Structures are given as C-alpha cells and as structure tokens.
Amino acid sequence: MPSLKGLGIQIGDTNRGLKLTASQVSPLRGSDVAKIKSFEFLRKDAIMPEATLQRTDAPTPLTALTEDEQLFRDTVRQFADESVRPHVKKMDEEGIFEHSLIDQFFQLGLMGIEVPEQYGGGAGTFFEAILAVEELSRVDPSAGVVVDVQNTLVNNALLRWTTEDQKKRYLPRMCKDTVGAYALSEAGSGSDAFALQCRAELKGSEYVLNGQKLWITNGKEAGVFILLATVDPTLGYKGITAFIVEKSFPGFTVGKKEDKLGIRASSTCELILEDCRVPKDNVLGEVGKGYKIAIETLNEGRIGIGAQMLGLARGAWEFAVKYAQERKQFGKPIADFQGIQFQIAQMATEIEAARMLLYNAARMKDAGMNFVKEAAMTKLYCSQVAERVASLCVEIYGGYGFTKDYPVEKFFRDSKIGKIYEGTSNMQLQTIAKLVMK
Ligand SMILES: Cc1cc2nc3c(=O)[nH]c(=O)nc-3n(C[C@H](O)[C@H](O)[C@H](O)COP(=O)(O)OP(=O)(O)OC[C@H]3O[C@@H](n4cnc5c(N)ncnc54)[C@H](O)[C@@H]3O)c2cc1C
C-alpha cells in the first residue's frame with residue numbers, strides 16, 4: 001500500500017484525485033491498491049465536502065474511510081467522472097447502456113469486488129461494493145445499478161449458496177466477462193413475490209422450467225441469471241427454488257425491454273422460459289429453500305439501492321450548488337440569497353443522514369451483524385432523500401432545470417425507481433414495523 005501522504009494526497013482532500021483509466025490499472029483489490037501504475041492530480045469542481053480523519057485514537061466516525069477505502073472510492077469517482085460521464089446523456093436518450101463501459105467495469109474489477117482472489121475477484125468488502133455503487137450513481141444511476149445487481153445480488157447469492165463446483169464454474173466468469181441478473185418478479189407477483197408461478201419440473205437429470213419473469217435488470221446484457229421458480233405450487237413458499245440459468249440454455253429467451261421514465265440506460269427485460277432445460281447441478285442451495293435465498297439476498301441488495309440513491313442525491317446536489325454560484329438574478333449569484341443557502345444546507349443535512357444510515361448498514365453487514373432493519377431503513381430513507389433532493393435541485397435550476405439541456409431533470413426521473421424496486425417503500429415500512437414493534 002503506497003503512503004497516500006507520500007504521494008501528496010491529504011486524507012479527506014477531495015479537491016484532488018488520481019487520474020487514471022481502466023487500461024492503466026489492474027483490477028482494484030480491497031487491500032491491493034498499490035497496483036495503480038499511473039496517476040496525475042487534477043482539481044474537481046463542486047465535490048460535496050467529506051469528513052477528514054484526524055485522530056486515530058478515537059472511536060471511528062461512521063463516515064471515516066480507511067486509506068484503502070478512500071483510494072478505492074477516489075479511483076471509482078475519477079473513472080465515473082472521466083469515462084462514464086461522457087456517455088450519460090446519449091445512453092439516457094437512446095435507452096441503451098454503452099457496452100464498452102461494461103468491459104471497463106470488468107477491467108477495473110468492479111464486477112467482482114467481494115469475490116475471493118482464487119476465483120479472480122477483488123477480495124474486497126461489501127462496504128467497498130457500496131462505495132462503488134455510490135460513486136457510479138453520482139454520475140449515472142444506471143451505471144450504478146449494473147454494478148449493484150452484479151455485486152450485491154448475483155455474486156452475493158453465488159458466494160453464499162453455491163457448492164465448490166458451482167463456485168469454480170461461475171465466479172471466475174462473473175469477475176471476467178459475464179454480467180449477472182436476478183430474476184424473481186413476475187407479472188402477477190411483485191410485492192407478493194412468493195406468489196410466483198414459474199414452474200420447475202424435474203425430468204431425469206434436468207429441471208424443465210416454464211413461465212415468464214418481468215422487470216429483470218441487466219436482462220439484455222446478462223449471461224447468467226439467478227432465477228426463482230417453484231417445484232410444487234401446492235407447497236407455497238416452501239416450493240420455491242433458486243436456479244443458476246444461463247442465457248444459452250435451450251428454451252430461454254430474453255423478451256421485451258421496457259421503455260422507462262428513469263434509469264433508462266439500465267435494461268429492464270422480460271424473460272421467457274419455454275421448456276427451458278436447466279441441469280440439476282444448477283440448483284442454487286437446496287430445493288425448496290429459494291425463498292430464504294431470495295429474502296436474504298435482497299436484504300443486501302437493499303443497501304445497494306440505498307447507495308445508488310445516495311450517489312444520485314450527491315450528484316444532483318453538486319450540480320445545483322455549482323449552478324447557484326453561477327446563476328445571477330437581482331445582480332448577484334442566487335447562492336448569495338439566504339433562501340437558496342438554506343435549501344442547499346437542508347439537502348446537505350439529509351444527504352449526510354442518509355449516508356450514515358447507509359454506511360452503518362454496510363459496516364454491520366461486513367461485521368457479521370444482523371442488519372435487516374438497518375437495510376430496510378437505508379433503502380427507505382435514501383430513496384426519499386434522493387427524490388426530495390433531485391426535485392429541489394430542479395427548482396434551483398429554475399426553468400432550465402425542467403429541460404433536458406441540464407442534468408438535474410434526469411436525476412429527478414432516475415430517483416423515482418428507488419421507492420419501487422427491491423421492495424417498495426411500503427414493503428420496507430412493513431419490515432421495519434415488524435422489527436421495531438415485536
Ligand atoms: C426498473 C425496474 C427494475 C426492476 N428490476 C428487477 C430485477 O432485477 N429483478 C426482479 O426480480 N424484479 C425487478 N423489478 C421488479 C420490482 O422489484 C417490483 O416492481 C416491485 O417489487 C413492486 O412490485 P409490483 O411492480 O408488482 O407492484 P405491486 O406489488 O403490485 O405494488 C403496487 C403498490 O401496492 C403497494 N402494496 C402492495 N402490497 C402491499 C401491502 N401488503 N401493504 C401496503 N402496500 C402494498 C406497493 O407498495 C405499491 O405501491 C424491477 C422493477 C422495475 C420497475
């Protein structure tokens with residue numbers, strides 16, 4: 001690990017960053033950031049100020065990052081600013097994710113952050129995966145969710161529930177070149193996920209799957225799907241089983257791609273299973289235990305969506321602050337008016353509160369603590385903050401904020417999904433109520 005101070009970087013000095021491209025670095029590893037080969041310093045405009053770690057003998061504040069985490073975050077931040085940002089507008093207009101960016105996600109090690117090195121991953125922490133999602137989403141929440149689904153849902157399920165043989169077959173691919181997707185929802189089962197109808201029947205050495213999945217993020221790009229189906233509908237949730245399904249399996253088709261309000265570059269697709277043959281060896285975990293896999297995977301996923309929403313709120317806030325300092329009315333920048341200053345301060349406070357919920361939940365997960373309540377609170381609150389902040393940022397831009405010529409209307413559109421997927425806000429409230437009232 002190089003001494004950051006030796007490189008001239010002050011911990012917490014967010015006006016500086018490392019300049020590097022995906023081709024200049026080896027995959028980022030949690031404890032191996034020394035692999036950065038080339039860098040130069042550059043100034044960044046309007047970065048939200050962050051805490052500076054000054055004492056090491058006091059209890060660590062929630063928002064303080066280790067040197068490794070800070071370098072990891074700065075590297076992803078710079079990559080997002082320099083490599084993702086130029087594509088954001090076009091990707092949103094066309095509703096297509098730039099494929100070369102996915103290649104760069106793999107090169108940077110962002111698609112296998114927590115996967116152990118022996119399978120080709122970064123051997124990092126869940127917290128680092130959260131930092132990556134936050135930083136990418138600050139620039140483009142669609143980029144954030146591609147990396148989020150890969151790490152917090154798919155790799156997470158594969159790491160936790162696979163046999164050694166399955167790990168060897170799938171994890172190296174997930175780190176190298178294969179996008180993953182997580183297929184639970186159907187046309188008739190969203191919040192009531194375990195009412196799913198997709199059938200899996202054992203025939204010899206294969207399961208034959210029939211049915212349809214809806215709303216599947218990464219559906220267009222994915223090569224591997226964690227897919228939930230029932231082996232016996234009469235068993236209710238106890239029939240639900242998770243399968244590792246490959247795009248190339250006979251009888252598997254990716255159907256319609258949704259035309260959406262926000263996160264338009266992130267593909268959301270229907271999946272069609274017509275006598276889709278899945279080897280018995282591709283059951284994930286135990287037959288009939290898919291409900292447990294689904295619930296527990298989504299608990300981690302919710303922290304990831306919190307990170308996406310926090311990054312989004314920061315991205316919108318940073319644009320609005322810069323704009324307020326430049327836009328003049330009544331002969332001075334609108335940022336000089338106390339009314340605008342108070343709005344900026346209120347948003348910064350809510351972002352800070354959301355960040356603390358998020359980082360605490362992620363650290364609890366890494367510490368092996370029960371984090372179900374905190375994950376639900378994180379998703380609930382971060383998505384509320386994202387929507388409020390993005391909306392207010394549109395107002396700070398005035399009429400310009402309402403046009404597609406400026407970036408905040410996209411953040412506002414993108415924010416809406418945070419309250420819907422991976423469990424609607426009502427479902428998060430239901431979980432929280434159950435846990436705080438028991
Ligand atoms: C862009 C996008 C990407 C997605 N990606 C994925 C994915 O990758 N994988 C996947 O499996 N799914 C995915 N989904 C599906 C998503 O998780 C569901 O849309 C979500 O869970 C809500 O289900 P629903 O749409 O059927 O709404 P419904 O369940 O029909 O809910 C409609 C409304 O009723 C409320 N409601 C329902 N039940 C209750 C109750 N008991 N108490 C109070 N209120 C209630 C809800 O809060 C909501 O406001 C995605 C959806 C979208 C839009």
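Every value quoted in this text rests on a predicted model; they were computed, and no experiment measured them. Each ligand, and each atom within it, is numbered from 1 in the order the structure gives. Positions are given from 1 along the sequence.
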Is there a nitrogen or oxygen of Ser189 sitting under 3.5 Å from a nitrogen or oxygen of ligand 1?
no
Just by distance, no angles: are the side chains of Thr163 and Asp165 close enough, under 3.5 Å, to form a donor-acceptor pair?
no
For Ala157 and Thr297, which heavy atoms make the closest approach, and how far apart are they?
CB-OG1, 4.0 Å
With heavy atoms only and a cut-off of under 4.0 Å, state how Thr268 meets ligand 1: side chain, backbone, both or neither.
side chain
I'd like to know if Glu258 contacts ligand 1, where contact means a heavy-atom distance under 4.0 Å to any ligand atom.
no
How close does the nearest protein non-hydrogen atom get to atom 43 (C) of ligand 1, and which residue and atom is it?
Asn426 ND2, 3.4 Å
To the nearest 0.5 Å, tell me how far Ile113 CD1 sits from Asn156 CG.
12.5 Å
Least distance between heavy atoms, Cys382 atom then Leu358 atom
SG-CB, 4.4 Å
Are any of the N/O atoms in Tyr182 less than 3.5 Å from those in ligand 1?
yes
Could you tell me whether some N/O pair between Ser185 and ligand 1 is separated by less than 3.5 angstrom?
yes
Closest non-hydrogen protein atom to atom 31 (O) of ligand 1, residue and atom name please, with distance?
Ser191 OG, 3.7 Å
Between the side chains of Tyr359 and Arg355, is a donor N or O closer than 3.5 angstrom to an acceptor N or O?
yes
The closest protein heavy-atom partner of atom 46 (C) of ligand 1 is Thr424 OG1, 3.6 Å
Quick check: does Thr217 get an N/O under 3.5 Å from an N/O on ligand 1?
yes
Taking every heavy atom of Gly304 against every heavy atom of Asp148, the minimum-distance pair comes out as CA-OD1, 3.1 Å
Going by atom types alone, do Thr268 and Lys257 pair a side-chain donor with an acceptor below 3.5 Å?
no
How far is atom 20 (C) of ligand 1 from its nearest protein heavy atom, and which residue and atom is that?
Ile420 O, 3.6 Å
Please report whether atom 5 (N) of ligand 1 has a protein non-hydrogen atom at a separation of less than 4.0 Å.
yes
Among all protein heavy atoms, pick the one closest to atom 26 (O) of ligand 1 and tell me residue, atom and distance.
Gly190 CA, 3.2 Å
Any nitrogen or oxygen of Asp192, main chain or side chain, under 3.5 Å from a nitrogen or oxygen of ligand 1?
no
Can you see which heavy atom on Ser383 is nearest to which on Lys419, and at what distance?
OG-CG, 3.6 Å
Among Glu296, Glu374, Glu300, Glu128, the one residue meeting salt bridge (Lys or Arg N to Asp or Glu O under 4.0 Å) with Lys365
Glu300
Judged by non-hydrogen atoms, does Gln430 sit under 4.0 Å from ligand 1?
yes
Minimum-distance protein heavy atom relative to atom 40 (C) of ligand 1:
Met427 CE, 3.3 Å
For Ser142, run the side chain to side chain contact (heavy atoms under 4.5 Å, CB included) check against Ser266, Ser267, Ser137 and tell me which one passes.
Ser266
Heavy-atom nearest neighbour in the protein, as seen from atom 17 (O) of ligand 1, with distance rounded to 0.1 Å
Glu422 N, 3.5 Å
Please check atom 29 (O) of ligand 1 for a protein heavy-atom neighbour under 4.0 Å.
yes
Aromatic centroids of Tyr119 and Tyr170 separated by under 6.0 Å
no
Can the positive tip of Arg277 be found less than 6.0 Å from the middle of the six-membered ring of Tyr207, inside 45° of the ring normal?
no
Short version for Lys260: what comes under 4.0 Å of ligand 1, heavy atoms counted, is side chain
Atom 7 (C) of ligand 1: nearest protein contact (heavy atom, Å)
Trp215 O, 3.2 Å
Taking only heavy atoms of Ile216, which atoms of ligand 1 are found under 4.0 Å from at least one of them?
7 (C), 8 (O), 9 (N), 10 (C), 11 (O)
For a quick test of reading the model, state the closest non-hydrogen atom pair linking Phe106 to Cys175 and the distance between them.
CD2-O, 3.3 Å
Taking non-hydrogen atoms only, is Leu153 closer than 4.0 angstrom to ligand 1 via side chain, backbone, both or neither?
neither
